[in-house]
Every structure is written in C-alpha cells, then in structure tokens.
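Right, one structure below, let's go through it.
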Protein chains: 2
Amino acid sequence: MTKTEKTNKKIKATPEPTLRRLPRYLHLLKFLRETGDKSVSSTYIAKELGFDPTQVRKDIEYTGIVGRPKTGFNIVELISSIEEFLNWKNITDAFLVGTGSLGTAMLGYGRFKDYGLNFVAAFDNNEMKIGKTIHETPVLSMEKLVDLAKRMHINIGVITVPAFAAQHSADLLIEGGIRAIWNFAPIHLKVPEGVLVENAQLTQSLAVLTHKLADAISKD
Amino acid sequence: MTKTEKTNKKIKATPEPTLRRLPRYLHLLKFLRETGDKSVSSTYIAKELGFDPTQVRKDIEYTGIVGRPKTGFNIVELISSIEEFLNWKNITDAFLVGTGSLGTAMLGYGRFKDYGLNFVAAFDNNEMKIGKTIHETPVLSMEKLVDLAKRMHINIGVITVPAFAAQHSADLLIEGGIRAIWNFAPIHLKVPEGVLVENAQLTQSLAVLTHKLADAISKD
DNA sequence: TCCTTATCGAGAATTTTATATCGAGAAAAA
DNA sequence: TTTTTCTCGATATAAAATTCTCGATAAGGA
C-alpha cells in the first residue's frame, strides 16, 4: 500500500466491543471525578476494569481525545469526549411501547437523560392505562403512535411488549418514521434497510452467566 | 505444530459471541416448534436472523448436536441441546438484591424459570418492603442475606440496587458463598477470583444504539 | 542539568471470530 | 434407478479484535 492510499483510507466504523466498553470507562471516570483526581492513565483504567492498557488506549482514541505521556488523560475532558462520541449530550426524544413491568421500570428510571434518552410518551393497548401517566410520562393509545411519531420527528423507539406483539410494534414505529429501535422483546425483528435495531435481550446476558457458571461448577 | 500437539489441544471454551447467539436461535426454534415443523437448516436460521449459515452451524456444533444433510437439525432435539448447554434445564435458585422498579419488574417476569433461574428471595433495606412479598417472592432484610445464602447454598445473585450500593451488595453475596453475579448496576464490581460477574448494563447496549444512530443521521 | 520512570501512540504480531470452499451424504425429483 | 438439489461439517481463508513491542516524551527527582 502506498502512502497516498493509506491517507485515503476511509474512517473505520467503531468496533462494537469498543462501544460497549466506553460506558464502563465512563462510569469509572465519573467516580474518579468525584474523588477529585484530575487525570488518569490507561494503565489505571485497565487494571481497575480488568482490561488491557493498549485496548483502553485504542478505545479512547476512537473518541478523538489525546493523552500525554507520564500523566495520561484529563478526566473531565475524557468524560466529555466519550459522552460526545456516544451522542449522550444531545438528549433525544423517544417513544416507549409497552407499559408492562419492564416498561414501567424503564419509565421509572430517572437517569436515561444522562444517556441521551428522554421518554416523551408511552404507548399501550390496555384501556386501563391509556390516559394516565407513569412516572410523569403520558400513556397513549397505540392508534396515535404513527401519527404522533411523524409529527414529533421521533428517532428512537423502545419496545418492551411481549414477544407476540413486538413485530407489530416495530412496524408501527417504522411507519412513524423511527430510525432506531431498542428491542427488549425476545424475538428477531424484521425491519427495512436503514433502521437500526439493538437487541437488549436479557436472556443473552443470562446465557453467558449460566453457561459459565455450570462450566465452573463442573470443574470443582 | 506437530500432529501430536494438535491432538492434545485442550477443548476451547465457548466464545462469548456464540453464547449470546444461542438464545436467539432458541427463541426462533421455539416459535418454529409451535408451527409444527420437525426440522430446520442452518441456512434457514441464518436467513431468518441475518447471520451466516456457517456461523450458525459452528455455534450449534458447540452444543454437541449433529445434523443431517439435506434436512438439517431436528428442532426438538436442537432446543433441548441448547437448553442443556446453557444449563437452563437445571433450575438454579437465586437471590435478588434491590426491589426498586427494575428489581420488581424482574420478580414480576414469570419466565425466568425458562432460563434456569428461580428467585427464592429478594432483599432490601427499605423497612416498608421487608416482610412483604413481591409477586410471591418474599422480601427480606439485608441482614439475613449472608446467613441465608450460606444455608441455602445459593449460587447466583442478581444485583438491581443503585450504583452506590452495588459493591456492598456484591460483598454480602460473596460472603454468603455466591458463585455468580448478574449485575444491573452501572458500576464495575470488584470480586475475588472465581466469582463470575456478568454485567447486564443497559447503558452498554444503549451506547451502541445512540452512537450508530448519530453516525447514521450525520450521513444524511 | 541529567537521569529515571511512567505513559502515550504507532505499528507489528497474535489470537479470536467470521466467512468461503468443497467433498460427502441424504432426500426428492426425474 | 439415476440425477438433481440441498445441507452438513471439515478445512482453509479472511477479517476483526486483542495484545505486544518500542521509540518518543513529559514529569519528577538526583
């Protein structure tokens, strides 16, 4: 590869493993900020979280910040850089579909604004819930979803309905012009090209745990 | 590497990506079982979930089942094989710490037995909650956690407390002899060697979504 | 001022994970 | 029966992610 070709290389998309680690750095960094520390090294972060220092540096590099030898990274700057990179500084309005126990819990978790998410409305089919509010978020009829999503230019939809209803919920969100879906239903959603789906399925995480545990116990 | 060395290679641990995909196969397979289908090919699974057929076959291989040319895999057998592999057939008793909105939602989700988990008790510091039950699970004082975990030989602890209380909860669970922690608090837990921690942090999943969405929108 | 130490960041090497290729075998069609 | 088609599973290749190596550089002593 010539030098010119090297210069022309397109910017690589951020690896997903990197994206998943960044929030973990962020939590640690916010903790360190409280303690009054001004800077932190990749070595320290790595030891604290059980990663490799080079990996931490490479991850941080994606966010666009530069460190300095001997001292490392400025904590405040690094926090800002990660939040910026994840787009957690621009609070995005979102719809939540399904106000069962998980949906209710999510509406009750007051911190999503720290992660760039703001629930402006929730939707449900249950007549008992429509018209009420859950933790200050109004619950509306599903029939209003498409039109309202269009008018409000909503980009993110969160699906917390049971599996059988998930595809229909997704279809409505997409019809309403949604760009990204955070799916908690244990099912694979079929969506047109251009619509992002992130599956937050707990069972995936649980699978890792139960398998490894069984493995560990079998070795006792 | 000589042939002998090759033969002596130790059995590799299952890759985490594989463990995360297996539950997705399982959900699809259970759906197919309902429709009455008897067998399914890796090609079909792959197309349905957007994976590569070879990858699906490799994943399935880990669970120990063999398919047959032209028809693929027996659905019932495959379901059983995956569940066995993830240890979801042996229901494991678990403690849940923290009965806030998320903890309550989890106790309310009646399906964890399908994933090998059974909540036998929940713990909280809130005097108002102690002594009551949430969806049939008794809520006990944190003071009883260690002793009860020891006596009941509990292996899995689920942490759904706020971040500031998570490490203390983990310490108690570990003192009680727990082997694996499913952590929902946005914090890195420090645990001794041998204790498994699986972070189910929603923020990690959300980071992937918000970053990619911002990226996609910026390209419009 | 010079020396020692800790760290970054670039690039190489390694490991892990994903995808492609292809022979063999089973089912269905001819 | 023979041919065609589809799929598995073994092996090879490619891509992605992680880890190692090392020169450069800033900070804090000696």
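Proteins come first, then strands; the chains are lettered A, B, ... in the order of their sequence lines, and each starts at number 1.
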| message | Could you tell me how far apart A/I45 (CD1) and C/dT7 (P) are, to the nearest whole angstrom? | response | 11 Å
| query | Taking atom P of C/dT16 as reference, at what distance in whole Å does atom OH of B/Y62 sit? | reply | 11 Å
| remark: Going 5' to 3' through nucleotides 18-30 of chain C and flagging B where a protein heavy-atom sits under 4.0 Å of the base, S where only the sugar-phosphate is that close, and - otherwise, we get SBB----BBB---
| said: What is the distance, to the nearest angstrom, from the NZ atom on A/K38 to the P atom on C/dT7? | reply: 19 Å
| message | Within the 3.5 Å criterion, strictly below it, is a donor on A/S80 or A/K89 matched to an acceptor on the partner's side chain? | response | yes
| Is any side-chain heavy atom of A/N183 less than 4.5 Å from a side-chain heavy atom of A/H188? | no
| note | From NZ of A/K47 across to P of D/dT19 the rounded distance in Å is 17 Å
| request: Determine: side-chain N/O of B/S41 to OP1/OP2 of D/dT7, distance under 4.0 Å, yes or no. | output: yes
| B/F31, CZ atom: more than 12 neighbouring heavy atoms under 6.0 Å | no
| Rounded to the Å, how far apart are B/E61 CD and D/dT11 C1'? | 12 Å
| query | Under a 4.0 Å N-O cut-off, is there an ion pair linking A/K190 with B/E48? | reply | yes
| said: Per the salt bridge (charged side-chain N to carboxylate O under 4.0 Å, His left out) rule, what does the pair list look like for residues 111-120 of chain A, sequence neighbours excluded? | reply: none
| query | Closest heavy-atom contact between B/R20 and A/S205? | reply | NH1-CA, 3.8 Å
| request: Answer yes if the side chains of A/T92 and A/N155 hold a donor-acceptor pair under 3.5 Å, and no otherwise. | output: no
| request: Evaluate the ring planes of B/Y115 and B/H27, with Trp represented by its six-membered ring, and classify them as parallel (under 30°), tilted (30 to 60°) or perpendicular (over 60°). | output: perpendicular
| note | Atom CZ of A/F73 and atom P of D/dT25 are separated, to the nearest Å, by 17 Å
| message | Give the residues of residues 193-213 of chain A touching DNA chain D, defined as any heavy atom closer than 4.0 Å, sorted by residue number. | response | none
| field | For atom CD1 of A/I60 and atom C1' of C/dT7, their distance in whole Å | value | 12 Å
| message | Regarding B/D171 and B/Q167, do their side chains bring together a donor and an acceptor under 3.5 Å, going by distance alone? | response | yes
| query | In whole Å, what is the span from the CZ atom of A/R20 to the P atom of D/dA17? | reply | 12 Å
